[in-house]
Amino acid sequence: MNLVRVAALARKEWREIVRDRKLFGLAFVLPAMLMLVFAYGSGQSLEHVPLAVVDHDRTDTSRRFAERFGNTVYFDLAGYVDSEREAAARLARGDVRVVVVVPEEFERRLVAGRSAAIQTWIDGSFSNSTPPRTLQGYVEAITAAATAELQAGAVARRLGVSVERALTLLNPIRVEVRYLYNPQLRTVWSVGPSMLMFILMFVAPLLMALGVVREKESGSILNVHSSTVTRAEFLVGKLLPNVAIGCANTVLLWLLAVGWFGAPFHGSLLLFAAASLLYVIATPGIGLVISLLVDSQTTAMIISVVVATLVGSQYSGMYIPVESLSGPGWLIAHVFPAMYFNDLVQGVFLKGMGAAELWRELCALALFAAAFPGLAWLLFHKRRRA
Amino acid sequence: MTAGVVWGRQVLALTVKELRQLWRDRPLLLYVVYLFTVELVLVAGGTRELSHAPFLVRDADRSAASRELVHDLREPWFTLRGEVRDPGEALRALDHGEVRFFVDIPPTFSRDLGRGDTPATVQLVVDGSRVVSAWLAPSYAGRIADGLSRDQAARNLGRLGVDVAALPTIENRRRTWYNPNLDDAWGNALAELLSMMTVACVLLPAAAAVREKEHGTIEQLLVSPLTPLQVMLSKALSMVFVALLGTGIALHGILRAVYGLPAHGSLTLLLAVTALYAFTNAALGLVLSTFARNTTQVGLLILLTLMPVLQLSGTWSPFEAEPEPLRAVMSLSPLRHLVSVAYGILLRGVGMEVLWPHVAAIAALGTACFGAGLWRFRRQFG
């Protein structure tokens with residue numbers, strides 16, 4: 001490999017990218033925007049769900065019970081409704097997602113030490129964005145807390161003990177929860193680092209593949225075919241500017257994750273830098289391979305996007321744990337670098353792990369950084385095979 | 001023949017030409033078929049509930065009560081990965097992401113439980129980096145512990161002469177409307193269909209328009225006796241046709257046939273709104289194509305526009321939870337309105353009397369996009 005020629009090719013490639021102002025801008029704007037959109041999009045927890053109450057009892061107890069729902073972050077009390085029929089209409093219109101019906105004699109029954117049955121209706125239609133089981137869980141928890149308070153009061157009066165003692169008697173098992181790595185359960189803390197994996201997987205192969213296929217479409221690749229430039233020199237020359245863009249984007253995304261979203265970074269910066277470098281070589285390598293298999297920009301774009309979304313979101317362990325995947329899914333997860341890099345960034349950011357624990361992931365990334373460009377080298381022929 | 005008929009026939013001929021081009025572009029055609037079929041199946045199976053969450057236990061008590069607690073943490077929510085002696089072992093497993101949480105039962109558990117003086121404490125150490133399971137696992141485990149708690153409380157209080165059945169209790173009778181069996185596939189597959197249709201509707205006309213620019217065939221169209229309006233209209237109309245066909249196949253062949261998705265409202269209305277929606281998005285794609293010189297640029301522009309639309313329109317995350325300013329911006333997203341329309345018609349069985357504001361919004365956005373596209377197009381080639 002002649003390094004002077006590689007440098008010349010890389011310089012030419014870089015100049016081409018920089019001169020297409022729109023493209024150059026998009027190569028940096030797109031990752032940053034994806035980071036913001038995904039962090040806000042998948043960072044939403046289920047809160048402020050609109051809820052209506054049908055109160056047939058209209059007593060202090062029933063009003064206090066209804067207010068319990070509005071006092072949480074989970075529900076917004078969207079008001080009282082006079083009849084079940086009107087409540088059903090509001091549920092159908094989608095104004096509210098939950099209806100709580102408090103029966104007549106609610107207060108009287110409870111004061112008499114009997115049970116009172118409320119009804120909760122939950123809109124199950126948005127089962128993917130507003131999971132009905134989670135809403136039921138919220139309602140259960142709020143109802144259980146109200147019951148515990150009532151019963152503790154009753155037991156305390158009967159036995160002449162403190163309310164606290166009565167609560168222990170009523171609820172002898174206490175579950176203490178300790179959260180590791182992300183004590184306040186901030187979604188962006190864990191989504192942010194994973195987004196580094198996803199966005200680089202998304203943008204780098206796309207830019208790389210389109211860069212080569214554009215030359216194929218316009219025919220300028222014939223210049224390379226007829227020149228003395230070797231296959232390896234051409235591929236390395238194409239790869240280098242994209243690796244540079246990848247590095248710049250890694251820095252940009254790291255700053256967004258740590259600076260803007262406040263994700264903790266407990267591990268070694270050096271390890272992270274080394275792993276990222278390998279990852280931004282491996283990901284455009286995927287793009288190179290794609291570019292050699294197809295002939296049109298549209299096809300290259302489609303394949304890059306489909307591969308990136310599937311591998312990056314379904315088979316990387318970001319949303320679905322890899323160990324729960326079956327046969328083909330498990331295999332896909334292991335032949336792309338996304339899963340290894342995701343484990344590594346999660347370990348470095350949140351868990352403060354070092355090279356001693358993460359060397360396997362690092363080795364895998366090194367392997368991919370060599371394998372994908374190597375595969376491209378095998379696939380690239382200056383002379384078309386008949 | 002009147003001028004109007006000629007004009008209409010020209011548009012029709014151009015529309016057929018667009019469809020024929022798509023038909024011959026096999027990779028693109030394959031992608032469109034994939035979007036409306038395989039993609040839906042791939043996504044339908046996911047769940048946002050807790051499922052098979054792996055965990056470890058240290059049972060220092062080894063009593064009937066502690067064994068019962070561990071036994072109750074069972075499939076399909078939890079998967080026991082074994083017992084450990086040393087908490088350090090569990091922490092290492094948590095570090096490497098092998099388990100989601102660790103249950104630590106102290107040696108005093110059954111003693112405290114029997115006496116009822118001090119609470120019998122169980123510690124749950126949870127991997128907070130997996131936020132969804134970190135949130136769900138303790139809440140599920142807590143409910144299971146509450147069940148055991150209640151049995152024990154009844155015994156303890158009974159000894160003190162208090163009958164638990166005579167204590168006031170608020171019972172909760174719950175009912176889930178519109179999806180009584182809590183089938184996750186309904187919402188998943190429908191959300192994915194709406195998202196993928198959006199991708200196809202924006203991408204295809206934009207890519208077709210830019211390819212004509214790149215290859216220079218747009219010049220041929222413009223020297224012919226065709227107006228920019230006809231050229232744009234034909235690209236949008238061919239997309240409406242593809243979207244209707246794709247939605248029809250996806251709805252009947254996959255969503256209804258495979259997943260049993262109901263249609264409580266009018267399917268005709270849904271298809272009519274789908275046609276309007278496809279037109280709106282095709283117009284958006286054409287506007288984007290006027291800002292790009294080659295396919296690479298338009299591809300990136302589409303990603304830049306569509307990603308926020310796909311993520312923040314209430315398909316995969318609750319729209320109500322978004323902050324107010326973001327919600328105001330997102331009302332400019334046609335998908336946000338289509339989500340209300342499609343879920344409303346299919347699952348909640350409502351009609352235009354409820355959905356008209358959303359339909360009007362899609363129409364208004366479509367008119368605005370088409371107008372803007374026509375203006376840009378005329379300026380570039382006029």
Side-chain angles (χ1 to χ4, degrees), chain A residues 22-23 26 30 34 37 41 44 46-48 92-93 110 113 115-133 136-137 143 146-147 150-151 154 158 168-182 185 187 190 210 297-299 301-302 346 350-351, chain B residues 27 31 48-49 95 113 116 119-129 131 134 138-139 142 145 149 152-153 157 162 166-179 182 184 187-188 191 207 295-297 299-300 304 307-308 311-312 314 316-318 320-321 343 347-348 350 354:
Chain A
K22 239 174 233 168
L23 192 67
L26 285 171
L30 190 63
L34 286 174
V37 162
Q44 305 293 346
L46 192 54
E47 286 174 4
H48 303 294
R93 276 205 303 273
L110 290 176
S115 71
I118 58 151
Q119 286 179 53
T120 45
W121 304 345
I122 284 163
D123 176 357
S125 59
F126 287 98
S127 58
N128 51 316
S129 65
T130 314
R133 285 193 199 86
Q136 278 171 353
T143 320
T147 300
L150 279 168
Q151 293 190 339
R158 285 270 281 282
T168 308
L169 277 168
L170 282 161
N171 223 342
I173 300 181
R174 189 155 302 170
V175 178
E176 273 176 15
V177 184
R178 189 157 69 93
Y179 292 109
L180 298 178
Y181 320 125
N182 185 0
L185 292 190
T187 313
S190 41
L210 286 170
Q297 290 178 72
T298 322
T299 320
M301 190 165 79
I302 287 168
Q346 287 286 340
L350 293 168
K351 302 180 179 173
Chain B
Y31 178 58
R48 286 187 52 168
E49 303 292 344
D95 262 351
L113 196 60
T121 313
V122 179
Q123 212 182 45
L124 239 59
V125 184
V126 183
D127 177 354
S129 68
V131 177
S139 104
S149 233
Q152 189 62 43
L157 283 166
V162 178
L167 290 174
T169 309
I170 303 174
E171 280 172 39
N172 178 21
R173 308 234 163 99
R174 50 196 205 188
R175 196 178 136 198
T176 307
W177 290 47
Y178 316 123
N179 185 359
L182 298 174
D184 287 313
N188 288 344
T295 310
T296 307
Q297 285 182 352
L300 294 182
L304 198 67
M307 278 302 173
Q311 279 292 313
L312 302 173
W316 293 107
S317 65
E320 286 92 8
Y343 283 81
L347 291 164
R348 292 205 297 276
V350 292
V354 169

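In what follows, chains are A, B, ... by sequence order, proteins preceding strands, each numbered from 1. Reckoned from all heavy atoms, side chains included, excluding hydrogens, waters and symmetry mates.
Contact of B/A207 with chain A is made through the side chain alone, with heavy-atom distances under 4.5 Å. Looking at A/L350, only its side chain comes within 4.5 Å of chain B, counting heavy atoms on both sides. In this structure, the portions of A/L30 lying under 4.5 Å from any heavy atom of chain B include both its backbone and its side chain. The contact between B/L157 and chain A is made entirely by side chain atoms (from C-beta outward), counting heavy-atom distances below 4.5 Å. At a 4.5 Å heavy-atom cutoff, B/S139 makes no contact with chain A through either its backbone or its side chain. In this structure, chain A has heavy atoms under 4.5 Å from both the backbone and the side chain of B/V126.
Not a single donor-acceptor pair under 3.5 Å links the side chain of B/Y178 to the backbone N or O of A/F126. When atom types are taken as modelled, the side chain of B/R174 and the backbone of A/T120 share no donor-acceptor pair closer than 3.5 angstrom. The backbone N or O of A/I173 lies less than 3.5 Å from a partner atom in the side chain of B/S149, making a donor-acceptor pair.
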Between B/V350 and A/R93, does a side-chain contact (heavy atoms from CB on, under 4.5 Å) hold up when you go through it step by step?
-> CA-CA 7 Å; B/V350 292; A/R93 276 205 303 273; 5.8 Å; no

Going through the distances and angles, do A/L170 and B/L167 end up as a side-chain contact (heavy atoms from CB on, under 4.5 Å)?
-> CA-CA 11 Å; A/L170 282 161; B/L167 290 174; 3.9 Å; yes

For A/R133 and B/D184, run side-chain contact (heavy atoms from CB on, under 4.5 Å): C-alpha distance rounded to whole Å, both residues' side-chain angles, the deciding distance at 0.1 Å, then the answer.
-> CA-CA 10 Å; A/R133 285 193 199 86; B/D184 287 313; 3.7 Å; yes

Intermediate values then yes/no, side-chain contact (heavy atoms from CB on, under 4.5 Å), A/Q119 and B/R175 | CA-CA 8 Å; A/Q119 286 179 53; B/R175 196 178 136 198; 5.7 Å; no

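B/T176 approaches A/Q136 most closely through the heavy-atom pair OG1-NE2, 2.8 Å. Here the closest heavy-atom approach between residue A/A154 and residue B/P168 is recorded as CB-CD, 4.1 Å. Closest approach of A/V37 and B/Q311 over heavy atoms only: CG1-CB, 3.5 Å. Listed here is the closest heavy atom pair of A/Q297 and B/T296: OE1-OG1, 2.8 Å. Nearest approach of A/Y179 to B/P138, heavy atoms of both residues: OH-CG, 3.6 Å. The shortest non-hydrogen separation linking A/V175 to B/A145 is CG2-CB, 3.7 Å.
Counted by atom type alone, A/S115 and B/E171 present one or more donor-acceptor pairs between their side chains at under 3.5 Å.
Among B/T295, B/L347, B/V354, the residue making the largest number of heavy-atom pairs under 4.5 Å with chain A is B/T295. With respect to chain B, the highest number of heavy-atom pairs below 4.5 Å among A/L150, A/T168, A/L23 belongs to A/T168. Comparing A/R158, A/Q151, A/M301 by how many heavy-atom pairs each has under 4.5 Å with chain B, the most go to A/Q151. Heavy-atom pairs under 4.5 Å with chain A peak, among B/A153, B/G142, B/A191, B/A120, at B/A120.
In this structure, the separation between OG on A/S127 and OH on B/Y343 is 6.5 Å, given to the nearest 0.5 Å. Atom-to-atom distance recorded for A/L34:CG and B/L304:CG is 8.0 Å, nearest 0.5 angstrom.
A search for side-chain hydrogen bond (donor to acceptor under 3.5 Å, both in side chains) contacts involving B/N179 returns nothing, not counting sequence neighbours. Remark: A/K351 pairs with A/Y181, A/M353, B/D95, B/D127, B/S129 by the side chain to side chain contact (heavy atoms under 4.5 Å, CB included) rule, at least two apart or across chains.
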